Number of protein chains: 2
Amino acid sequence: MLPVAIAGCQVQPGPFSFTREAPLFRSSLLSVHGPERIGIPGPDCLPCPPMARENTVDSRQEILRTAARLFQQRGYDATSMNDVAAALKLSKGGLYHHFQGKDEILFEIMNHAMEITQERVLAPVRGIARPEDRLRALIRLHIEVVLSPRDREITVMLHENHPLPPALRKRINVRKKEYVHFVEQLIAEVQKDAHKGMPKDVTAHAARPPKPRVSPRAAAFALLGMINWIYQWYKPEGELQAQNLIPQFTDLLFGGILS
Amino acid sequence: MLPVAIAGCQVQPGPFSFTREAPLFRSSLLSVHGPERIGIPGPDCLPCPPMARENTVDSRQEILRTAARLFQQRGYDATSMNDVAAALKLSKGGLYHHFQGKDEILFEIMNHAMEITQERVLAPVRGIARPEDRLRALIRLHIEVVLSPRDREITVMLHENHPLPPALRKRINVRKKEYVHFVEQLIAEVQKDAHKGMPKDVTAHAARPPKPRVSPRAAAFALLGMINWIYQWYKPEGELQAQNLIPQFTDLLFGGILS
DNA sequence: CTAAACCGACCGACCGGTCGGTTTTTTGGT
DNA sequence: ACCAAAAAACCGACCGGTCGGTCGGTTTAG
């Protein structure tokens, strides 16, 4: 099936350069005929060694990974199906054998990003009893996912809202809303618990605990904003990395800038 | 010059519909010949009354406003120059009379967004003496600018990073960095002042005040993230509006979710 | 009469997607 | 083990349409 990326063989696009690469030889090279049968490999690509045909699930995964990388680098609309095919050393027709269209590729990328969020953030967090611990874990795991160089689907999902057709977009938006709602309820629990733990003389004068000055909904949007915006400014060589960003963002949420 | 939008005359695109409208009559209609001279107006557009030719600055402003609205609705790459021209009831050639190219339009929109930030946020804030008041004002003004239905350039600038060519992008990025730096230094001042104001018995044991647990840089990025992300979730009919969002985001930054 | 504003045909390139192939791999029978 | 047929994977020409941008005009304003 599709050749996997091999050192020296991978397409190396610049940050915003358009390297429109036509495939120079059959990408599925299991035949006894080598690349010389149908062309000379490009100067930046050694012949890929033959390999067993893999199942279709792996083909689709490979396409989605490559497409996600290109969509992240150039944007969905500015990336063509020809670009995606070239990066995979496929023809466009070959790409269309695996996916019905460009819409489906974007949808699967975004859906996969929601799966990642479900598996890497929500599921672990749901297993934690104490709300404050749960919220701290959610912040850490969400930041880790946004910062992960492997999970490019996440930033594609964060950035590309408009291009999906309405029916597909709705399905993604439903999952996003569920996530926001989960965060909101979690913050509400943390705020409620914090009041329970306060000395009686602070709350005794009230019939019930006063509402916090920051509503759970506003806090949820603020938290998601500060974390999701990381993809806009983060630099792997910058001074803010996961290990010092996570505690600071966590402290900020719980205690503000003056904690 | 260009007709300004008149009730009943304005292009009404759906959120993601592509209304490819060809101009049906000369857009500069000062001639004694009315629109009937060259065609019947479209069903959704009454004839625009003739008006004095305006100067080129206003033409360019009108084009930038319209382009910003379309770029915000559909994205820069998914909006064509033909789309922009149609929305202005111009031909594409007419559009190219005012701007050298699509790049220039996006650059001017983003530059204008930085001007708006300079005039509506930075300049007023610089006139405030107390750092904490200055930071509170910055939060309020920045949120107001992001929420402003008129200042679509802001959300275009927040969203469209990649499409500009490197030289133009660099110029915008320099201004963005200046803004981030300003916010960072302001937060550092606020944190410093907060320590000055603490009772001696809390700080006397230290040779100098301990570093806050949230660095100014992390706090600046977090603050900009929570505010800039508003454009992704904000709904005019939602329960979170400027007047209740501003105090909550301010309280969150200063005191966290438990204040 | 000149300049500004505008138009519409046109350019080469590319878009998403299709289709009629070829090539490669898999499968089943001998 | 071999072979032929079927299926899967892939290719490249092609489709109608559109892209950003140009150019030789026409129309309108000064």
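Proteins come first, then strands; the chains are lettered A, B, ... in the order of their sequence lines, and each starts at number 1. Values below: every heavy atom of this structure, side chains too, minus hydrogens, waters and symmetry copies. In this text, all values refer to a predicted model and were calculated from it rather than measured experimentally.
Note: CG (A:Leu90) to P (C:dT24) measures 14 Å, nearest angstrom. Distance CD1 (B:Ile63) to P (C:dC6): 8 Å, rounded to an integer number of Å. Distance, A:Phe99 CZ to D:dC10 P: 12 Å, rounded to whole Å. The OH-C1' distance, from B:Tyr96 to D:dT22, rounds to 9 Å in whole Å. The separation between A:Leu95 atom CG and D:dG12 atom P is 14 Å, rounded to whole Å. With rounding to whole Å, B:Lys89 atom NZ is found 12 Å from C:dC7 atom P. Regarding A:Arg60, its CZ atom lies at a distance of 15 Å from the C1' atom of D:dA8, rounded to whole Å. One can place CG of B:Asn82 at 14 Å from C1' of D:dT22, the figure rounded to the nearest angstrom.
Residues A:Phe182 and A:Leu138 meet the side-chain proximity criterion, which asks for heavy atoms closer than 4.5 Å.
In terms of heavy-atom proximity, B:Glu160 sits nearest to B:Met110 at O-CE, 2.9 Å.
Residue B:Ser80 places no side-chain N or O under 4.0 Å from the OP1 or OP2 atom of D:dT18. Here B:His97 does not reach the OP1 or OP2 of C:dC6: none of its side-chain N or O atoms lies under 4.0 Å away. Distances shown here put a side-chain N or O of B:His98 below 4.0 Å from the OP1 or OP2 atom of C:dC6.
Contacts of B:Gly101 with the nucleic acid, taken as non-hydrogen atoms under 4.0 Å apart, involve only primed sugar atoms and P, OP1 or OP2.
Between A:Trp229 and B:Tyr231, the ring planes lie perpendicular to each other; the angle is over 60°, past the 30° to 60° tilted range.
Ranking D:dC19, C:dC7, C:dC15 by closeness to the B:Ser91 side chain, first place goes to C:dC7.
Judged by closest nucleotide on DNA chain C, A:Met81 is the one of A:Gly94 and A:Met81 placed further toward the 5' end.
Contact of B:Lys92 with C:dG8 (side chain to base): no donor-acceptor pair of N or O atoms is detected under 3.5 Å.
Counting non-hydrogen atoms of neighbouring residues, nucleotides and ligands closer than 6.0 angstrom, the CZ atom of A:Arg171 reaches no more than 12 such neighbours.
Cation-pi contact between B:Arg60 and B:Phe99: present, with separation from the ring centre below 6.0 Å and deviation from the ring axis of at most 45°.
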